[in-house]
Amino acid sequence: MTIKDIPLREKCIIFIGFMGVGKTTIGSEVAKKLYRDFYDVDVEIEKKYGMSVKEIFNTFGEEEFRKKEKEMIFKLCEQRLNIISLGGGAFLQSEIKERCLKDGIVFFLDLSWDSWKDRISMLIDSRPILQGRTLEEIEDLFHSRQKIYSLHHSRVETDALEIEEIANYIVDSIKLAWDLYEPHK
Ligand code: S3P
């Protein structure tokens with residue numbers, strides 16, 4: 001059986017979006033509701049190399065981090081049924097984007113700049129990409145990154161919703177897609 005034959009119900013469910021939009025929180029909630037395993041790509045990289053993402057950036061540089069990121073995502077995409085949260089820069093690599101769109105169901109978690117900017121202080125210490133930038137530069141990065149998320153299977157605007165509501169909405173829409181496109185015989 002080739003990878004193309006993966007039934008919709010067994011495909012990985014993948015979360016994309018900018019740093020700190022809630023991919024890990026929402027992804028793990030969805031995983032619980034679907035009784036599936038959840039993987040945060042950054043956490044898996046940190047476990048594998050015994051270093052934080054920040055240490056990997058500082059020691060080896062961003063390019064090396066991106067290689068490790070691609071390797072880890074490809075490994076997680078090879079297995080069925082996983083729920084995966086990607087780092088906010090993963091879709092900068094077109095190979096990752098193509099692979100995820102082909103082998104997974106990709107949800108883009110879309111949070112507005114106005115809501116996101118209140119989270120900066122919680123994120124800055126652990127996100128090397130944000131460090132050393134002014135607020136204006138971070139805002140430019142936020143807006144310029146939106147185009148890498150523009151290819152997805154479903155977009156969820158999360159500004160006005162609680163985590164539980166978002167997770168329920170996603171689970172309902174996945175089940176609807178399964179029943180529509182791959183009904184039980
Ligand atoms: C990055 C996002 C981070 C992490 C790394 C780089 C980015 O993941 O992969 O710091 O380039 O946007 P989160 O989106 O989970 O914060």
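In each ligand, atom 1 is the first atom listed, and ligand 1 is the first ligand listed. Quantities reported herein were computed from a predicted structural model and do not represent experimental measurements.
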Among all residues two or more places apart in sequence or in another chain, which pass the ring pair (Phe, Tyr, Trp, His ring centres under 6.0 Å) test with His153? none
Between Phe18 and Asp110, does a side-chain contact (heavy atoms from CB on, under 4.5 Å) hold up when you go through it step by step? CA-CA 8 Å; Phe18 201 64; Asp110 190 6; over 6 Å; no
Under a 4.0 angstrom heavy-atom cut-off, which atoms of ligand 1 come close to [X]?
{"X": "Arg127", "answer": "13 (P), 16 (O)"}
{"X": "Arg145", "answer": "7 (C), 11 (O), 12 (O)"}
{"X": "Gly88", "answer": "2 (C), 7 (C), 8 (O), 12 (O), 13 (P), 14 (O)"}
{"X": "Ile129", "answer": "6 (C), 7 (C), 11 (O)"}
{"X": "Pro128", "answer": "10 (O)"}
{"X": "Phe65", "answer": "9 (O)"}
{"X": "Val53", "answer": "5 (C), 10 (O)"}

So which of Ile45, Asp42, Leu130 gets nearest to atom 8 (O) of ligand 1, if we judge by its closest heavy atom? Asp42
Check whether any heavy atom of Arg66 sits under 4.0 Å from an atom of ligand 1. yes
Below 4.0 Å from any atom of ligand 1, is there a heavy atom belonging to Glu62? no
Gap between atom OG of Ser154 and atom CD1 of Ile170 - 0.5 Å precision: 7.5 Å
Test your reading of the structure: does [X] have an N or O sitting under 3.5 Å from an N or O of ligand 1?
{"X": "Gly17", "answer": "no"}
{"X": "Ser126", "answer": "no"}
{"X": "Gly89", "answer": "yes"}

[X] side chain to [Y] backbone, donor-acceptor under 3.5 Å:
{"X": "Asp159", "Y": "Ser112", "answer": "yes"}
{"X": "Lys23", "Y": "Gly87", "answer": "no"}
{"X": "Trp116", "Y": "Phe142", "answer": "no"}

A quick test of your reading: do over 12 heavy atoms of other residues, nucleotides or ligands sit less than 6.0 Å from CD1 of Ile120? yes
Under the side-chain contact (heavy atoms from CB on, under 4.5 Å) test, which residues partner Lys70, sequence neighbours left out? Phe74, Gln93, Glu95, Ile96
Applying a 4.0 Å heavy-atom criterion (strictly less than), which segment of Lys54 is in contact with ligand 1: side chain, backbone, both, or neither? neither
Just by distance, no angles: are the side chains of Glu165 and Asn168 close enough, under 3.5 Å, to form a donor-acceptor pair? no
